[in-house]
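Fair warning: this is a prediction, and the values are worked out from it, not measured in the lab. In this chain, numbering begins with 1 at the start of the sequence shown. Both backbone and side-chain heavy atoms feed into the values below; hydrogens, waters and symmetry mates do not.
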Amino acid sequence: MSITFARIDERLVHGQIMTTWIKQYPADTILIVDDALAADDFTSSILAMSAPAGLTIAIQGVTAAAATLNEAGGEPVFVLFKTPQAALALTQAGVTLPDLNVGNLGSRPDRQPLTHRVFASAAEVAALQALAAAGTDVYLQMLPSDARQELEDVK
């Protein structure tokens, strides 16, 4: 499979993904990489059923997703993560992520602002920094029309 776009967005599949990002980075499949969600058959089935015609939504844990993404073949795939830790785990499982878009990570008591719309906990920042140190271009951008902000510029 060929990764057209990789994004962290804790909302996963929602209007911005379907109306802007998937048009910017066309793919036949949205692959959600999340161990807990992959083990939740009910929520996974609801997400999978939300796919519009011509688009498949697949939910896999890190190990299965690594195997899927490392298969030969060029089917375009759009990869979504709920957390930076899942993205880091996928790279540690042998998948190369040249670029990683950090979208929505909302405000919570354990998170500090990275920008006025993106927040991250210390563990999430550490995962993002580890990804960047391993060669992934990590950047923050909510919408394609927004300015891209490199991780090292928002620390």
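- Applying the salt bridge (charged side-chain N to carboxylate O under 4.0 Å, His left out) test to Glu10 and every residue at least two apart in sequence or in another chain returns Arg111.
- No donor-acceptor distance shorter than 3.5 angstrom exists from the side chain of Glu124 to the backbone of Ala127, with no hydrogens or angles considered.
- By the side-chain hydrogen bond (donor to acceptor under 3.5 Å, both in side chains) test, Glu75 is found to be paired with Thr29, residues two or more places apart in sequence or in another chain being considered.
- Distance CG/Leu140 to CG/Leu128: 7.5 Å, rounded to 0.5 Å.
- In this structure, Leu47 CG and Phe42 CZ are separated by 10.5 Å, a value rounded to the nearest 0.5 Å.
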Expected list for residues 76-88: side-chain donor-acceptor pairs under 3.5 angstrom, two or more places apart:
unit_1	atom_1	unit_2	atom_2	d
Thr83	OG1	Ala86	N	3.1

Applying side chain to side chain contact (heavy atoms under 4.5 Å, CB included), run through Gln112 and Val125 and close with a yes or a no.
CA-CA 10 Å; Gln112 299 299 316; Val125 169; over 6 Å; no
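- For Ala132, the side chain to side chain contact (heavy atoms under 4.5 Å, CB included) test picks out Val138, Leu151, with sequence neighbours left out.
- For the atom pair OG of Ser44 and CG of Asp34, the computed distance is 8.5 Å after rounding to the nearest 0.5 Å.
- Scanning for side chain to side chain contact (heavy atoms under 4.5 Å, CB included) contacts around Ser107 gives Phe119, with sequence neighbours left out.
- With sequence neighbours excluded, the residues that form a side-chain hydrogen bond (donor to acceptor under 3.5 Å, both in side chains) with Asn101 are Arg7.
- Thr91 is linked by a side-chain hydrogen bond (donor to acceptor under 3.5 Å, both in side chains) to nothing, counting only residues two or more places apart in sequence or in another chain.
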Please list, one pair per line, the donor and acceptor atoms closer than 3.5 Å that link side chains of residues 51-65 to other protein atoms, with sequence neighbours excluded.
unit_1	atom_1	unit_2	atom_2	d
Gln60	OE1	Ala65	N	3.3
Gln60	OE1	Thr68	OG1	2.9
Gln60	NE2	Thr68	OG1	3.2

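- When all heavy atoms of Gly103 and Val118 are compared, the pair lying nearest together is O-CG2, 3.3 Å.
- For the salt bridge (charged side-chain N to carboxylate O under 4.0 Å, His left out) test, no residue two or more places apart in sequence or in another chain qualifies with Asp99.
- When side chains are defined from C-beta on, Ile3 counts as touching Val95, because their heavy atoms get closer than 4.5 Å.
- Residues that satisfy the salt bridge (charged side-chain N to carboxylate O under 4.0 Å, His left out) test with Asp137, not counting sequence neighbours, are Arg148.
- Between Leu143 atom CG and Gln141 atom CD the span is 8.0 Å, to the nearest 0.5 Å.
- The distance from the OG1 atom of Thr115 to the CG atom of Asp153 is 12.5 Å, given to the nearest 0.5 Å.
- Within the structure, the salt bridge (charged side-chain N to carboxylate O under 4.0 Å, His left out) test picks out no pair touching residues 35-45 (sequence neighbours left out).
- In this structure, Gln24 has no side-chain hydrogen bond (donor to acceptor under 3.5 Å, both in side chains) partners at least two apart in sequence or on a different chain.
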Can you list the steps and then say if Leu37 with Leu12 is a side chain to side chain contact (heavy atoms under 4.5 Å, CB included)?
CA-CA 11 Å; Leu37 188 57; Leu12 297 173; 3.6 Å; yes
